[in-house]
Student: 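Got a structure for you, questions after.
Because only heavy atoms are used, hydrogens play no part in the values below, and waters and symmetry mates are left out as well, while side chains stay in.
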Amino acid sequence: MRGRLAQSTLRTALMLGLRIVTQAATLILLSRLLAPATYGDYASAASLAVVLGTLPSMGSGYILLARAAVDKTTVAHTWRYAWPLTLVLGLFLLVIYAGFGRYITGNTGFSVEILVFLGMAELIFNPLTMLFSFIMQGCEKVATSQFLQWLPLLLRAIAVLACFNLPQSDRLTGFAGLQLIASFLGCGAGLIVVRRLVSLTWRPRFMTRQELRLGASYAAMLLVAYNPSELDKIVAVRSLGAHGAGIYTAASRILGAFATPIAALLLAAQPRLLRHSKDTHLQNRRLIGIIGLIALAWGIAGTFLFASFHPLIPWLLGNAYAETGKLVPWLAITMPFLTLRMAAGGILVALGKPLERLLFELSGAMFLITGIVCLTPILHTIGLIIAVIGSELSMMIIGWWRIQKNVRRLDFACID
């Protein structure tokens, strides 16, 4: 089992490595394309779209994944309600996002047109692409599932390059439009890849009451799960101003890239952890221990790697983002808490406890909001970073405490 997991993790890590390189290239190009204030507004609006983008599929991707891990023939049946639900809810949320996005940015130059482009990409096409990715992951094609998520990112990086030919005033609008096209093309490519492996049934159906209840718990979990990673960027414009938000977001995005190997490990292990029985419990127990040790080791190593990265920031992002380098050593403290929190969240979902993940990450979000309100007026950006560190630490502690409780409960069940 460990050999297969190692191979799957390696393939997935290589694919996620491409995602890191692509996201890093996009960040570097965007920092050259947009001034920090403009980038801060864009990052705030984009983060809001990403958070809302967890809702259109109503957790159907996780239901599909759990069913496919046991029986791959269930994919077509789940798909019948997943795709129309995603389209209907996506369009509904697009209207809400377009209205609320103007308030978040507080920038009269940030047009509704830009928000519509971003919203269609993140609320319609990307959720559909994620469904295709879940199908591949459920069929234990984890590296392929990550390829489907990477392709739109690659096309988005190419879109940034094309925008350098535009006047400064038109660059953000042009990029938002091309990002929408990239998401559409990535969604189409996902459909082509999935249809080569499984047969999809397009006749719509209503979701059952059980699917609604379970899907709602997964959707709520995802909504809250994205908050620790995106909430700080959403409120940064209001608490730090557009320029400060751009500086902080650039550093935070780099931190997230350093945690990607743990995401690869969780994706590779998830189909195995989803199989619950007395026969597999002992294997899962060992696997959980391995994941925890790797997350801790990588978090500690990542702290030193990330802290040593700050001299390169002005060279990579440009002199306009020189202040970002000063924040890197502070954010580096977050790394072990971040990786262990990610591991705890992924394990709880695989153990069939999405509501427990929701609760511990909701507590982290409340801690983050409280820290932002209390500390940023006094300490500004450093106050925001302290709030993030405290939030990640609290989620890590609660998450692993819940894992320990659930594993012990399964131990007693297996004895009985």
Side-chain angles (χ1 to χ4, degrees), residues 23 27 36 39-40 43-44 46-48 50-51 54 104 222-260 262-263 295-296 298-307 309-310 313 317 321 323-346 357-400:
Q23 289 173 319
L27 174 60
Y39 177 69
S44 178
S47 293
L48 176 62
V50 167
V51 170
T54 61
I104 289 294
L222 284 172
L223 179 65
V224 175
Y226 269 84
N227 275 325
S229 301
E230 303 295 336
L231 182 61
D232 53 339
K233 301 166 189 64
I234 294 173
V235 303
V237 170
R238 290 287 177 177
S239 57
L240 303 177
H243 178 84
I247 296 297
Y248 168 77
T249 301
S252 182
R253 292 297 186 205
I254 298 171
L255 174 72
F258 274 82
T260 302
I262 300 304
L296 175 61
W298 182 252
I300 294 172
T303 296
F304 295 102
L305 288 172
F306 187 56
F309 188 73
H310 72 93
I313 296 292
L317 305 185
Y321 288 82
E323 297 170 71
T324 300
K326 300 176 183 178
L327 303 181
V328 166
W330 286 90
L331 276 171
I333 301 171
T334 313
M335 193 68 186
F337 309 142
L338 171 63
T339 54
L340 284 166
R341 186 265 295 176
M342 290 171 59
R357 175 175 175 176
L358 183 152
L359 290 174
F360 93 71
E361 291 187 327
L362 182 61
S363 67
M366 296 303 297
F367 192 107
L368 178 62
I369 292 172
T370 303
I372 290 172
V373 171
C374 296
L375 298 177
T376 53
I378 304 170
L379 301 174
H380 307 292
T381 308
I382 299 301
L384 176 57
I385 294 174
I386 293 173
V388 170
I389 293 171
S391 173
E392 294 289 353
L393 176 60
S394 66
M395 288 186 290
M396 178 203 74
I397 293 172
I398 298 173
W400 280 97

Student: Roughly how far, to the nearest 0.5 Å, is the CE atom of Met396 from the OG1 atom of Thr334?
Tutor: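 One gets 12.0 Å once the value is rounded to the nearest 0.5 Å.
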Student: Which heavy atom in Gly364 sits nearest to a heavy atom in Ser391, and how many Å separate them?
Tutor: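 Closest heavy-atom pair between Gly364 and Ser391: O-OG, 2.7 Å.
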Student: Measuring from Glu392:CD to Thr339:OG1, what's the distance to the nearest 0.5 Å?
Tutor: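 Output value for this atom pair is 9.5 Å.
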Student: For residues 381-388, please give each side-chain donor-acceptor pair under 3.5 Å, one per line with the distance, not counting sequence neighbours.
Tutor:
none

Student: With distance as the sole test, does Ser44 use its side chain to make a donor-acceptor pair with the main-chain N or O of Gly40 at under 3.5 Å?
Tutor: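 Such a contact is absent between Ser44 side chain and Gly40 backbone.
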Student: Can you tell me how far the CD1 atom of Ile369 sits from the SG atom of Cys374, to the nearest 0.5 Å?
Tutor: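 Answer rounded to 0.5 Å: 11.5 Å.
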Student: When you compare the side chain of Phe360 with that of Arg341, does any pair of heavy atoms fall below 4.5 Å?
Tutor: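 SC-SC contact between Arg341 and Phe360 confirmed.
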Student: Measuring from Ile300:CD1 to Leu340:CG, what's the distance to the nearest 0.5 Å?
Tutor: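 One gets 8.5 Å once the value is rounded to the nearest 0.5 Å.
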Student: Show the nearest heavy-atom pair for residues Ile398 and Ser363, with the distance to one decimal.
Tutor: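 Scanning both residues, the minimum pair turns out to be CD1-OG, 3.6 Å.
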Student: Can you give me the closest heavy-atom contact between Thr303 and Pro336, atom names plus distance?
Tutor: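 Scanning both residues, the minimum pair turns out to be OG1-CD, 3.1 Å.
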Student: Measure across Trp330 and Ile389 and return the closest heavy-atom pair with its distance rounded to 0.1 Å.
Tutor: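 Between these two residues, the closest heavy atoms are O-CD1, 3.9 Å.
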Student: The criterion is side-chain contact (heavy atoms from CB on, under 4.5 Å); which residues satisfy it with Ser394, sequence neighbours excluded?
Tutor: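 Once residues adjacent in sequence are excluded, the partners of Ser394 under the side-chain contact (heavy atoms from CB on, under 4.5 Å) criterion are Phe367.
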Student: side-chain contact (heavy atoms from CB on, under 4.5 Å) with Leu305: which residues, sequence neighbours excluded?
Tutor: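 So Leu305 forms a side-chain contact (heavy atoms from CB on, under 4.5 Å) with Phe258, Trp298.
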